[in-house]
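Sequence lines set the chain letters: A, B, ... in the order given, protein chains first and strands last, and positions in each chain run from 1.
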2 protein chains.
Amino acid sequence: MAPKKQDDIGQIINSIRGINYILQRQSKELMKSLKITGPQLGALRLVSRYPNISLRELSERMYLHVSTVCGIIDRLETAGYLTRCRNDEDRRSINISLTDKGIRAVKTAPLTGFSNMFHDLQKLPAPSVRKIRRAMEHLTKMMNIEINDMRHIS
Amino acid sequence: MAPKKQDDIGQIINSIRGINYILQRQSKELMKSLKITGPQLGALRLVSRYPNISLRELSERMYLHVSTVCGIIDRLETAGYLTRCRNDEDRRSINISLTDKGIRAVKTAPLTGFSNMFHDLQKLPAPSVRKIRRAMEHLTKMMNIEINDMRHIS
DNA sequence: CCCAAAATATATGTATACCAATTAATATGG
DNA sequence: CCATATTAATTGGTATACATATATTTTGGG
């Protein structure tokens, strides 16, 4: 008997659930090995790429609410990975910069989450990647999802 | 110039991020219209499908930790959507059952999250769905994700 | 039969993640 | 030029989500 559309749909949904599960699990493994969480490492990577970034810009690049990122930065500062510094030109803003410990962490941290997926995808031949992209675009178009500019790699 | 593999990869990752974002947003909209969250509605739907379900079985079907589901059930009980009842045959267990308010909520709640995606996918022609499935399988295989039996629909 | 081990639910503590409100600093308009 | 609005960061409150610890009950091995 021919495989059913129903089964295909179930498999698609399970794949997305599985991807989310894997991303979460990798974050937990990171926590065990480095005493740091996935979102925290994501923030460190962004501060490394954009030195003296403000909290507002960081939260935009992480696609998270400012208050969420504020808490993440709190914990990273307490743990000694970065420092907050008032901006002299606009004293409402802060500049976030890595400490030596933070620089070391970014250098030694393993690939996790989307960075890892990125790495894996680059090993596939271009036509396969193109096929996956087309399928994903079909999905997001169907769900009316706007993909504007999501640069963040967590 | 030919489109680059790099771009395709970025688009794939953004699609996944977008899907997760949409699922979260739908949960929030539900919260506004029904005073209930996505996970809470998911729990109510499962209790409706499996009357007198135990906390352990519910957490298994939701693919969440028992302690997480315990909190969700706490809030639903406080809000009057369901009741806990000690199981007389095994007094360690509890039986969870819906109140009239809970039954009404399950009946009137809109489709959200994966239920909604399921609904949308059924409107696509079978070959398109098949293509998406194959692409997703390629992705999950690449990431070594085991899709066993994820029945939960949130 | 009895006590150790396992299972069930709950409680506690930490980390996201959101919103709303607050505070401080800067821009803007009348 | 000053009152008002806007912007940046923080704080407090709620809801997931996890791990760990605890209490109660059940079960199994000796």
Side-chain angles (χ1 to χ4, degrees), chain A residues 17 20-21 23-32 34-44 52-60 62-79 81 83-96 113 152 154, chain B residues 17 20-21 23-32 34-44 52-60 62-79 81-96 112-113 152 154:
Chain A
R17 296 180 60 82
N20 287 333
Y21 177 76
L23 295 177
Q24 194 182 341
R25 204 186 60 189
Q26 286 179 354
S27 169
K28 259 178 275 169
E29 281 167 6
L30 178 70
M31 182 71 186
K32 275 180 197 150
L34 266 197
K35 309 292 179 203
I36 219 179
T37 65
Q40 286 173 5
L41 178 58
L44 285 186
N52 294 315
I53 194 172
S54 72
L55 189 61
R56 187 195 57 76
E57 191 184 344
L58 182 58
S59 69
E60 276 173 9
M62 292 180 80
Y63 297 95
L64 292 176
H65 199 277
V66 191
S67 60
T68 301
V69 181
C70 189
I72 291 172
I73 296 303
D74 277 349
R75 286 178 283 278
L76 284 171
E77 191 178 25
T78 303
Y81 289 99
T83 54
R84 272 175 171 96
C85 186
R86 215 84 223 178
N87 184 331
D88 279 331
E89 268 136 49
D90 185 341
R91 300 199 52 73
R92 292 171 300 183
S93 287
I94 61 170
N95 296 126
I96 306 169
H152 169 52
S154 72
Chain B
R17 296 180 60 80
N20 287 332
Y21 178 76
L23 296 178
Q24 194 181 340
R25 204 185 61 190
Q26 286 178 354
S27 170
K28 257 178 277 169
E29 281 167 7
L30 178 70
M31 183 69 186
K32 276 181 197 148
L34 266 198
K35 310 293 178 202
I36 219 179
T37 66
Q40 286 172 5
L41 178 57
L44 285 187
N52 294 314
I53 194 173
S54 73
L55 190 62
R56 187 195 56 76
E57 192 185 344
L58 182 59
S59 70
E60 276 174 8
M62 291 181 80
Y63 296 94
L64 292 176
H65 199 279
V66 190
S67 59
T68 302
V69 181
C70 190
I72 292 172
I73 295 303
D74 277 350
R75 286 177 285 277
L76 285 171
E77 189 178 26
T78 303
Y81 288 99
L82 48 75
T83 54
R84 273 176 170 95
C85 185
R86 214 85 222 176
N87 184 331
D88 280 331
E89 269 135 47
D90 185 341
R91 300 199 50 75
R92 292 171 301 182
S93 287
I94 61 170
N95 296 125
I96 306 169
T112 58
H152 169 51
S154 71

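Rounded to an integer number of Å, the gap from NE2 of A/His65 to P of D/dT11 is 15 Å. Remark: P of C/dT26 and CG of A/Asp88 are 10 Å apart, rounded to the nearest angstrom. D/dT16 atom C1' lies 12 Å from atom CG of B/Leu76, rounded to whole Å. Distance A/Lys35 NZ to C/dT14 P: 15 Å, rounded to the nearest Å. Regarding B/Asn87, its CG atom lies at a distance of 11 Å from the P atom of C/dT8, rounded to whole Å. In this entry the distance linking CD of A/Glu57 with C1' of D/dA9 reads 15 Å, nearest Å. Summarising the geometry, the separation between CD1 on B/Ile96 and P on C/dT8 is reported as 13 Å, rounded to the nearest angstrom. When rounded to the nearest whole Å, the span between CD of B/Gln40 and C1' of C/dC18 equals 14 Å.
Qualifying side-chain hydrogen bond (donor to acceptor under 3.5 Å, both in side chains) partners for B/Thr83, counting only residues two or more places apart in sequence or in other chains: B/Ser97. For B/Thr37, there are no side-chain hydrogen bond (donor to acceptor under 3.5 Å, both in side chains) partners, not counting sequence neighbours. Residues that satisfy the side-chain contact (heavy atoms from CB on, under 4.5 Å) test with A/Ser93, not counting sequence neighbours, are A/Asn87, A/Asp90. Partners of B/Arg84 by salt bridge (Lys or Arg N to Asp or Glu O under 4.0 Å), not counting sequence neighbours, listed by chain and number: B/Asp74, B/Glu77. Every residue was checked against the side-chain hydrogen bond (donor to acceptor under 3.5 Å, both in side chains) condition with B/Ser54, not counting sequence neighbours, and none meets it.
Within the nucleic acid shown, B/Glu89 comes within 4.0 Å of sugar-phosphate atoms alone, with no base atom in reach, counting heavy atoms only.
Donor-acceptor pairing under 3.5 Å, judged by distance alone, is present between the side chain of B/Ser67 and the base of D/dA19.
Nearest approach of A/Leu34 to A/Tyr81, heavy atoms of both residues: O-OH, 3.9 Å. For the residue pair A/His65 and A/Ser67, the shortest heavy atom distance occurs at ND1-OG, 2.9 Å. Nearest approach of A/Asn95 to A/Asn52, heavy atoms of both residues: ND2-O, 2.9 Å.
The side chain of A/Pro39 lies closest to C/dT16, out of D/dA15, C/dT16, C/dA9. Checking C/dT10, D/dT10, D/dT16 against the side-chain heavy atoms of A/Leu55 singles out D/dT10 as nearest. Closest to the side chain of A/Ile94, out of D/dA9, C/dA15, D/dT25, is D/dA9.
Taking the screw axis at each terminus of the helix from C/dC1-D/dG30 to C/dG30-D/dC1 from five consecutive base pairs, the angle between the two is 0° to within rounding of 10 degrees.
Contact annotation: A/Thr68 does not reach the phosphate of C/dT16 (side-chain N/O to OP1 or OP2, under 4.0 Å). The phosphate of D/dT10 has OP1 or OP2 within less than 4.0 Å of a side-chain N or O from A/Arg84.
Each of A/Met31 and B/Ile53 lies near DNA chain C, and the nucleotide nearest B/Ile53 is the one positioned closer to the 5' end. Mapped onto DNA chain C by nearest heavy atom, B/Ser54 and A/Arg91 fall at different nucleotides, with B/Ser54 at the one closer to the 5' end.
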Please enumerate all protein N or O atoms sitting under 3.5 Å from an N or O of nucleotides 5-7 of chain D, with distances to 0.1 Å.
| from | atom 1 | to | atom 2 | distance (Å) |
| --- | --- | --- | --- | --- |
| D/dT7 | O2 | A/Arg92 | NH1 | 3.0 |

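Counting heavy atoms from C-beta on, the side chains of A/Ile36 and A/Leu44 come closer than 4.5 Å. Residues B/Ile73 and B/Leu58 have side chains in contact (heavy-atom distance under 4.5 Å, counting atoms from C-beta outward).
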